[in-house]
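Following: one structure in structure tokens, then a few remarks.
Lettering of chains follows the sequences in order, A, B, ..., and the numbering in each one begins at 1.
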Amino acid sequence: MDDQTRMLAGMGGLGGLSQADVGDPDSVRKQQSLGQPQQDIGDILQQIMAITDESLDEAQARKHALNCHRMKPALFSVLCEIKEKTVLSIRGVQEEDPPDPQIMRLDNMLLAEGVSGPEKGGGSAAAAAAAAAAGGSPNDSSIEHSDYRAKLAQIRQIYHSELEKYEQACSEFTNHVMNLLREQSRTRPISPKEIERMVAIIHRKFSSIQMQLKQSTCEAVMILRSRFLDARRKRRNFNKQATEVLNEYFYSHLSNPYPSEEAKEELAKKCGITVSQVSNWFGNKRIRYKKNIGKFQEEANLYAVKTAVDAANVSAQASQANSPATPNSGGYPAPCYTPDGRL
DNA sequence: TATTATGATTTCTG
DNA sequence: CAGAAATCATAATA
């Protein structure tokens, strides 16, 4: 306090205070407690300092009184002078802060997961689910998928409501501080730039809260994701009709059981499974068939008969020529599918 | 409950 | 990158 008084007094000559008001610096020191001007400044400062301890009404009244004080303009200009000197050192201390890389990372991930960003409802997933349902075989994958989507939507909702709360709190606080600063700018010089800087500082402080929110949201998504993947890993057998279709194709193309991409697509559609599931199935089937042809003999015959019968339905003559009770009973793998036999 | 069947994943190869 | 082969993990079955 005393120091401040001295400092202000020391700067007196620079500001709008006249000699009469302040006296020259030397005389200040000489008659520290006696001079009327010093008394005034001391009073003002004391009042300023005491303001925070007072009730709002009291403070309001005091504020008004201060604003009307005859010394007020002088004090203001002194403060301007001081500021002029100090602002240089403040400036440049913290210029534009780069966006936090951590936050950026989290943002990107949230965006990628569809938590932030635009709602993508009715998108491909829903269409896929609808298609699966329409396909006759309510594949569980679609159910799990919708489950996943529901959970994701839940996370999304929580995230957004929390973010909103956060933003509200942040802007409320910012507003409060800005009002305070604007209010104060009547008694002390505060440039818009400074207010801006203060806002930036507040936002920086708040961003750690935001980061926490984003981080925990990311974690939740990760957990959900891994659970979903685990669930997907849980094997569910294809339905009977699907395996029938696949086996039919396999055994009727034993010599070259490699369906083309188009064929795979068609099989997938027929079976209500995905193309990659068809690929998996053929991969598994080929290797398992090859490993133990004997074990599949019966099945092979079954499907050979089946296709033969189908053929018979189309052409009775063909059935005569083609389907003896056991089509290939002798040299079994009829059109010689061998591991290396592929084209 | 042990075993087998089977869909999915991983690793390797040409 | 498609496919072979090995492997995993679970469903189905004995």
Side-chain angles (χ1 to χ4, degrees), chain A residues 109 112-114 123-152 218-219 221-307 326-329 331-343:
Chain A
M109 187 188 148
E113 293 298 334
S124 56
S137 67
N139 223 12
D140 281 275
S141 77
S142 71
I143 289 169
E144 277 164 22
H145 200 165
S146 70
D147 197 39
Y148 172 76
R149 280 174 48 75
K151 292 258 171 61
L152 189 66
C218 276
E219 268 164 33
V221 170
M222 292 306 260
I223 289 168
L224 175 65
R225 213 167 209 276
S226 72
R227 274 212 206 117
F228 174 63
L229 287 175
D230 280 355
R232 213 175 42 165
R233 198 184 168 90
K234 273 189 185 146
R235 187 176 57 76
R236 211 60 58 93
N237 287 0
F238 299 153
N239 64 40
K240 210 155 192 190
Q241 185 219 325
T243 48
E244 199 119 313
V245 170
L246 293 167
N247 272 314
E248 238 165 70
Y249 187 99
F250 181 79
Y251 287 108
S252 62
H253 298 74
L254 248 193
S255 59
N256 183 36
Y258 296 87
S260 66
E261 202 55 36
E262 297 81 63
K264 280 184 196 169
E265 269 165 38
E266 189 163 337
L267 286 167
K269 209 162 120 192
K270 263 197 216 169
C271 301
I273 60 181
T274 69
V275 171
S276 69
Q277 281 179 305
V278 172
S279 298
N280 283 343
W281 190 90
F282 273 87
N284 283 323
K285 191 73 183 181
R286 280 191 300 262
I287 197 78
R288 283 163 185 165
Y289 178 83
K290 195 185 75 179
K291 265 192 178 169
N292 193 349
I293 293 178
K295 200 171 71 183
F296 289 89
Q297 179 100 249
E298 208 176 322
E299 190 177 73
N301 289 341
L302 192 88
Y303 282 99
V305 170
K306 202 188 269 284
T307 52
T326 49
N328 309 313
S329 50
Y332 170 57
C336 67
Y337 160 56
T338 60
D340 342 308
R342 59 174 158 136
L343 312 174

Whole angstrom is fine here: how far is it from CD1 in I273(A) over to P in dT6(B)? 14 Å
Under 3.5 Å, which N/O atoms of the protein pair with N/O atoms of nucleotides 11-14 of chain C?
residue : atom : partner : partner atom : Å
dA11(C) : O4'  : R235(A) : NH2          : 3.1

Once you round it to whole Å, what is the distance between P of dA5(B) and CZ of F296(A)? 8 Å
dG7(B), OP1 or OP2 - any side-chain N/O from Q277(A) closer than 4.0 Å? no
Here the distance between atom C1' of dG3(C) and atom CH2 of W281(A), to the nearest Å, is 16 Å
Which part of the nucleic acid, if any, lies within reach of K285(A) when heavy atoms closer than 4.0 Å are counted: base, sugar-phosphate only, or nothing? nothing
Taking only residues two or more places apart in sequence, or in another chain, which ones meet E248(A) in a salt bridge (Lys or Arg N to Asp or Glu O under 4.0 Å)? none
OP1 or OP2 of dG3(C) versus the side-chain N and O atoms of R286(A): is any pair under 4.0 Å? no
Within the pair K291(A) and dT6(B), is there a side-chain N or O less than 4.0 Å away from OP1 or OP2? no
May I ask you to test the R286(A)-K290(A) pair for a side-chain heavy-atom distance under 4.5 Å? no
Distance in angstrom units between Y289(A) OH and dA5(C) C1', rounded: 18 Å
Interatomic spacing from CG in L246(A) to NZ in K264(A) - rounded to 0.5 Å: 12.0 Å
Look at the side chain of R288(A) and decide which nucleotide, out of dC8(C), dA5(B), dA4(C), has an atom nearest to it. dC8(C)
Rounding to an integer number of Å, can you tell me how far I287(A) CD1 sits from dG3(C) P? 13 Å
V275(A), V278(A), I273(A) screened by side-chain contact (heavy atoms from CB on, under 4.5 Å) with L267(A), the one that passes: V278(A)
Dot-bracket encoding per residue of DNA chain B, Watson-Crick/G-U cut-off under 3.5 Å, | denoting interstrand: ||||||||||||||
Within 6.0 Å of CD in E265(A), more than 12 heavy atoms from elsewhere: yes
So for atom CD, which belongs to E244(A), do other residues, nucleotides or ligands contribute more than 12 heavy atoms lying within a distance under 6.0 Å? yes
Rounded to whole Å, please give me the gap between CZ in F282(A) and P in dT6(B). 15 Å
Hey, does the side chain of N280(A) come within less than 4.0 Å of dA8(B)'s phosphate (OP1/OP2), counting only N and O? yes
Can you tell me the distance, in whole Å, between the CG atom of N284(A) and the P atom of dA4(C)? 11 Å
